Colleague: 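To start, I am sharing the structure in question, which I have written as structure tokens.
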Amino acid sequence: MSPPIPFMDLKAQYARLKPEIDAAIARVLAHGQFILGPEVKELEAKIAAYTGAAHCVGVANGTDALTIALMAEGVGAGDAVFVPAFTFTATAEAVLVLGATPVFCDVDARTCNLDPVDLARRADAVAAKGRLRPRAVIAVDLFGLPADYDGIGAVAARHGLFVLSDAAQSFGARAGNRRAGAMAAVASTSFFPAKPLGGYGDGGALMTDDPARAELYRSLRAHGTGGTKYDIVRVGFNSRLDTLQAAILLAKLPALDGEIAARERLARRYDAALAGAVETPPRPAGAVSAWAQYTIQSPARDRIAQHMKAKGIPTAIYYPKPMHLQPAYAMHGGGEGSLPVSEALSRRVLSLPFHADMDDATADRVAAEVRAACAQTR
Ligand SMILES: *Cc1c(COP(=O)(O)O)cnc(C)c1O
């Protein structure tokens with residue numbers, strides 16, 4: 001019997017980085033500054049340098065990062081915020097908790113990222129109707145691949161929309177000479193353990209070139225404080241990044257580019273082995289994915305998933321239901337059929353076991369079973 005295949009392998013990563021991570025944790029336990037300790041500032045500086053954004057502000061998680069970014073712009077009731085229908089829940093949730101209205105847009109069938117043509121159509125419709133003010137758009141870099149920021153930026157400029165980049169899945173990705181985190185006015189990211197740069201708990205960050213926005217984020221993550229700790233100048237949150245998480249992330253950051261290169265190499269191996277059997281992930285010119293997931297598409301998705309399960313190989317479906325069909329958000333959507341590409345993707349996508357420590361033989365075994373499943377369904 002072959003050994004079990006993990007979908008993702010955080011234990012292997014820990015084994016590889018153990019001395020650095022253990023030492024980083026021990027340092028925090030020794031100095032005891034668990035809240036906004038020196039590692040938080042150091043990580044913020046290192047992330048700013050890494051991404052090319054002038055400022056980074058650590059927060060408690062990627063969802064809060066989205067919420068704080070929108071709140072800082074004054075987004076609220078009466079505002080329309082355009083979001084892709086095919087994304088993780090948090091993208092729409094951040095809009096709704098502020099009392100604003102999400103306007104779900106369709107995505108590109110290949111990249112799974114926000115389609116600027118559909119965005120333009122929906123922004124025009126909202127503007128023409130006049131009930132909501134078009135205010136912002138959240139571009140998500142799904143599976144690690146940067147969204148089409150040029151296309152989205154052109155629509156945003158026409159409607160005066162604030163562009164927020166949800167880079168939760170793309171930390172480390174590149175497009176042209178820009179890094180994820182520096183592709184829009186503001187970017188948010190997540191350090192959830194399974195993300196490209198993951199901690200050992202929750203964490204997140206905001207990145208921007210604008211010093212005034214960065215200062216506002218620092219205030220909003222700490223209860224809306226002003227000059228001193230007990231001077232509250234606005235309503236905020238308790239959403240600081242833990243010192244322990246910052247220390248762990250500092251230990252992991254130097255390994256990130258090597259891990260992305262390893263995943264890129266593995267992705268090419270999967271591409272070659274799966275060509276012709278399923279649709280493999282796209283590679284738009286000039287873009288380098290952070291490869292948060294390796295996601296195939298097939299009309300036989302459910303059969304392939306069943307076959308893999310029978311063979312003891314884990315797979316995952318990101319995402320089985322688009323946002324506009326979620327019971328809690330459905331009142332803001334147009335129902336079944338209103339976002340056909342997102343709906344089709346939710347029936348076609350399947351993410352395969354994939355991580356930087358995976359060996360070629362394992363990848364070949366996974367690919368062979370996908371091919372076997374496809375051969376059976378013909
Ligand atoms: C993970 C994720 C988030 C939220 O991050 P958390 O740290 O879990 O709150 C937001 N957007 C996308 C696209 C994500 O994948």
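It should be emphasised that the depicted structure is a prediction, and the values quoted were computed from it without experimental measurement. Whatever order the structure lists ligands and atoms in, that order sets their numbers, starting from 1. The analysis underlying the following values was restricted to heavy atoms, covering all of them including side chains, and did not include hydrogens, waters or symmetry mates.
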Colleague: Is Glu279 salt-bridged to Arg348, cutoff N-O under 4.0 Å?
Modeller: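 The answer is yes: the pair qualifies as a salt bridge.
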Colleague: Check this for me: does any side-chain nitrogen of one of Arg121 and Asp118 sit under 4.0 Å from a carboxylate oxygen of the other?
Modeller: yes
Colleague: Under 6.0 Å from the six-membered ring centre of Tyr294 and within 45° of its axis: does the NZ or CZ of Arg263 meet both?
Modeller: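 Not satisfied by the 6.0 Å and 45° rule.
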Colleague: Is any side-chain N of the basic residue among Arg27 and Glu20 closer than 4.0 Å to the acidic one's carboxylate O?
Modeller: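 Looking at Glu20 together with Arg27, the answer is no, because their closest N to O distance does not fall below 4.0 Å.
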Colleague: Is it true that Glu369 and Arg365 make a salt bridge, defined as a side-chain N closer than 4.0 Å to a carboxylate O?
Modeller: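 Salt bridge absent between Glu369 and Arg365.
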Colleague: Pairs under 3.5 angstrom, nitrogen or oxygen on both sides, ligand 1 versus protein: list them out, please.
Modeller:
from: ligand 1; atom 1: 5 (O); to: Ser190; atom 2: OG; distance (Å): 3.3
from: ligand 1; atom 1: 7 (O); to: Gly62; atom 2: N; distance (Å): 2.7
from: ligand 1; atom 1: 7 (O); to: Ser190; atom 2: OG; distance (Å): 2.6
from: ligand 1; atom 1: 9 (O); to: Gly62; atom 2: N; distance (Å): 3.3
from: ligand 1; atom 1: 9 (O); to: Thr63; atom 2: N; distance (Å): 2.8
from: ligand 1; atom 1: 9 (O); to: Thr63; atom 2: OG1; distance (Å): 2.5
from: ligand 1; atom 1: 11 (N); to: Asp166; atom 2: OD1; distance (Å): 3.3
from: ligand 1; atom 1: 11 (N); to: Asp166; atom 2: OD2; distance (Å): 2.7
from: ligand 1; atom 1: 15 (O); to: Gln169; atom 2: NE2; distance (Å): 2.7
from: ligand 1; atom 1: 15 (O); to: Lys195; atom 2: NZ; distance (Å): 2.6

Colleague: Given the side-chain rings of Phe354 and Phe7, with only the six-membered ring counted for Trp, is the space between their centroids under 6.0 Å?
Modeller: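 Judged by ring-centre distance (under 6.0 Å), Phe354 and Phe7 do not meet the cut-off.
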